[in-house]
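Taking it in order: structure first as structure tokens, then the write-up.
Here, residue 1 is the first one in the sequence, and each next residue gets the next number. Here the structure is a predicted model, which is why all the values come from computation and not from measurement. Each ligand, and each atom within it, is numbered from 1 in the order the structure gives.
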Amino acid sequence: MSETISVEESRQLDNKTINEIGIPSMVLMERAGLKIYEDMIHNDDLDLSNTLILAGTGNNGGDGLVVARLLSTHGYKVSILTVGNPDHASDDHKKQQHICDYYEIPKVFLNERFDNYTTLVDALFGSGLSRNVGGDFATVIDKANASDAKIHAIDIPSGLNGDTGEVMGTAIEATSTSTIAYAKEGMVKAAAKPYTGKIFVDDIGIYKGLVAETK
Ligand SMILES: NC(=O)C1=CN([C@@H]2O[C@H](COP(=O)(O)OP(=O)(O)OC[C@H]3O[C@@H](n4cnc5c(N)ncnc54)[C@H](O)[C@@H]3O)[C@@H](O)[C@H]2O)[C@H](O)CC1
Ligand SMILES: [K+]
């Protein structure tokens, strides 16, 4: 496994790339969504016949909405379940939801049965997880894990502590994970394997240090 970083370092690199270097956050989100989509369509472990995006209301959820739109515009059957209050969604999440609405991607709700789906995309939390998971989020995670569907996680399996690899209340048990820029330290620990599954590391242009001087 290549270099790993802490969750805080990951957030600092995101912020540096956006606010100091100047790559807009929506550009990074589009790049992340495209890389995650490509990881999924080339992943023989996943059956994309009927996919459900489990979206939180932050930028991890925003990544999931980009994946939803890309699946839909490429002819795959996909729906969206948003967990949390959409009114409190991040700016980029709201922009991505507007795009999904344009493409009329179906929305489902908390009473949805997950066994109708072949793949679930975990876009609930990424580097923003800050406390034990509870309430509707815990219910959705437990329901996802109990379903027959395979799960593909975005950035960090939701509920897994990205630094320690510990479960924070409950955590997604993913078949595979597309992590952004670098794997997080907790994800590569032996105890984390049942939660991360196979890890894809997606380079989306997040700052990784100045380019080495060409000889
Ligand atoms: N622009 C960028 O920085 C990029 C980020 N990427 C993706 O974005 C996430 C990080 O997004 P962020 O909005 O900071 O946080 P999350 O989406 O992980 O979390 C959402 C939100 O949830 C709240 N929260 C935290 N813990 C809990 C909890 N236990 N229960 C309920 N709610 C909770 C908290 O308010 C968070 O803000 C990163 O992982 C990437 O997936 C892009 O990929 C690249 C650009
Ligand atoms: K996630």
Practice item. Identify the protein heavy atom lying closest to atom 18 (O) of ligand 1, giving its residue, its atom name and the separation to 0.1 Å. Key: Gly126 N, 2.6 Å

Check your understanding: Do any nitrogen or oxygen atoms of Asp92 come within less than 3.5 Å of a nitrogen or oxygen of ligand 1?
Key -> no

Practice item. Tell me, please, if Ile156 has any N/O/S atom, main chain or side chain, under 3.4 Å from the K ion (ligand 2)? Key: yes

Study note, to complete from the structure: Of Leu13, Val133, Asn59, the one whose closest heavy atom lies nearest atom 8 (O) of ligand 1 is Asn59

Review point. If the K ion (ligand 2) is the vertex, what is the angle to OD1 of Asp122 and OG of Ser158, rounded to 10 degrees?
Key: 50°

Revision key, fill the gap. Which of Asn43, Thr179, Thr177 passes side chain to side chain contact (heavy atoms under 4.5 Å, CB included) with Phe200? Answer is Asn43

Study note, to complete from the structure: On a heavy-atom basis, the closest approach of Ser147 and Leu120 is OG-CD1, 3.7 Å

**Study point:** Atom of Thr118, atom of Asp47 and distance for their closest heavy-atom approach
**Key:** OG1-O, 2.6 Å

Exercise for review: Specify whether an N/O/S atom of Leu124 falls short of 3.4 Å from the K ion (ligand 2).
Suggested key: no

Point to revise | Protein contact of atom 25 (C) of ligand 1 - nearest heavy atom, named by residue and atom, plus distance | key: Gly128 O, 3.1 Å

Revision key, fill the gap. Atom 45 (C) of ligand 1 sits nearest the protein heavy atom Leu28 CB, 3.7 Å

Practice item. Looking only at distances, please establish whether an N/O atom of ligand 1 is found under 3.5 Å from an N/O atom of Ser25. Key: no

Practice item. Report the residues that fulfil salt bridge (charged side-chain N to carboxylate O under 4.0 Å, His left out) with Asp163, sequence neighbours left out, ordered by chain and then residue number. Key: none

Exercise for review: Report the residue from Val66, Thr82, Val67, Ile105 that forms a side chain to side chain contact (heavy atoms under 4.5 Å, CB included) with Ile53.
Suggested key: Val67

Point to revise | Structural part of Ile18 in contact with ligand 1, heavy atom criterion under 4.0 angstrom | key: side chain

Exercise for review: Using a 4.5 Å cut-off on heavy atoms from C-beta on, say whether the side chain of Leu34 contacts that of Leu70.
Suggested key: yes

Review point. Where do Asp101 and Lys107 land on the salt bridge (Lys or Arg N to Asp or Glu O under 4.0 Å) test, with the steps shown first?
Key: CA-CA 9 Å; Asp101 291 344; Lys107 296 175 184 167; 3.3 Å; yes

**Study point:** Any Ser130 heavy atom less than 4.0 Å to ligand 1
**Key:** yes

Check your understanding: Under 6.0 Å from the NZ atom of Lys208, do we count more than 12 heavy atoms belonging to anything else shown?
Key -> yes

Review point. Which residue owns the protein heavy atom closest to atom 10 (C) of ligand 1, what's the atom, and how far is it?
Key: Ser127 OG, 3.4 Å

Review point. Side chain, backbone, both or neither: which part of Arg11 has a heavy atom under 4.0 Å from ligand 1?
Key: side chain

**Study point:** Asp155 side chain to Ile180 backbone, donor-acceptor under 3.5 Å
**Key:** yes

Practice item. Mark up the atoms of ligand 1 that fall under 4.0 Å of a heavy atom belonging to Leu129, in ascending order. Key: 25 (C), 26 (N), 29 (N)

**Study point:** Residue Asp14 vicinity, atoms of ligand 1 by number, heavy atom under 4.0 Å
**Key:** 2 (C), 3 (O), 4 (C), 5 (C)

Point to revise | Asp122 side chain to Leu124 backbone, donor-acceptor under 3.5 Å | key: yes

Exercise for review: Would you mind listing which atoms of ligand 1 come within a distance below 4.0 Å of any non-hydrogen atom of Asn132?
Suggested key: 29 (N)

Exercise for review: If you have a sec, read the angle at the K ion (ligand 2) from Asn60 atom OD1 over to Phe125 atom O, to 10 degrees.
Suggested key: 70°

Practice item. Check the pair Asp45, Thr175 against side chain to side chain donor-acceptor pair (under 3.5 Å), reporting the backbone distance first and the verdict last. Key: CA-CA 8 Å; Asp45 294 336; Thr175 297; over 6 Å; no

Check your understanding: Looking at atom 31 (C) of ligand 1, what's its closest protein heavy atom, distance included?
Key -> Arg131 NH2, 3.4 Å

Check your understanding: Can you check whether a protein heavy atom sits less than 4.0 angstrom from atom 35 (O) of ligand 1?
Key -> no

Practice item. Return yes or no for this condition: an N or O of Gly61 is under 3.5 Å from an N or O of ligand 1. Key: no

**Study point:** Protein residue, atom and distance nearest to atom 39 (O) of ligand 1, heavy-atom basis
**Key:** Asp155 OD2, 2.6 Å

Review point. Quick one: nearest non-hydrogen protein atom to atom 44 (C) of ligand 1, plus distance?
Key: Ile204 CD1, 3.7 Å

Exercise for review: Identify the heavy atoms of Ser178 and Asp39 that sit nearest to each other, and give their distance.
Suggested key: OG-OD2, 2.6 Å

Point to revise | Qualifying ring-ring contact (aromatic ring centres under 6.0 Å, His included) pairs with a residue from residues 110-162, counting only residues at least two apart or across chains | key: Phe125-Phe137

Practice item. Say whether, by atom type as modelled, one donor and one acceptor occur between the side chain of Lys184 and the main chain of Ser127 under 3.5 angstrom. Key: no

Exercise for review: Before giving the answer on salt bridge (Lys or Arg N to Asp or Glu O under 4.0 Å), spell out for Arg69 and Glu30 the whole-Å C-alpha distance, their side-chain angles and the decisive distance to 0.1 Å.
Suggested key: CA-CA 11 Å; Arg69 182 237 304 170; Glu30 288 292 327; 2.5 Å; yes

Study note, to complete from the structure: Among Ile180, Asp202, Asp63, Asp91, the residue with a heavy atom nearest to atom 6 (N) of ligand 1 is Asp63

**Study point:** atom 33 (C) of ligand 1: the protein heavy-atom neighbour that sits closest, reported with distance to 0.1 Å
**Key:** Phe125 CE2, 3.4 Å

Check your understanding: Using heavy atoms and a threshold below 4.0 Å, how should the contact between Ala32 and ligand 1 be classified: side chain, backbone, both, or neither?
Key -> side chain

Review point. Would atom 42 (C) of ligand 1 count as contacted, meaning some protein heavy atom under 4.0 Å?
Key: yes

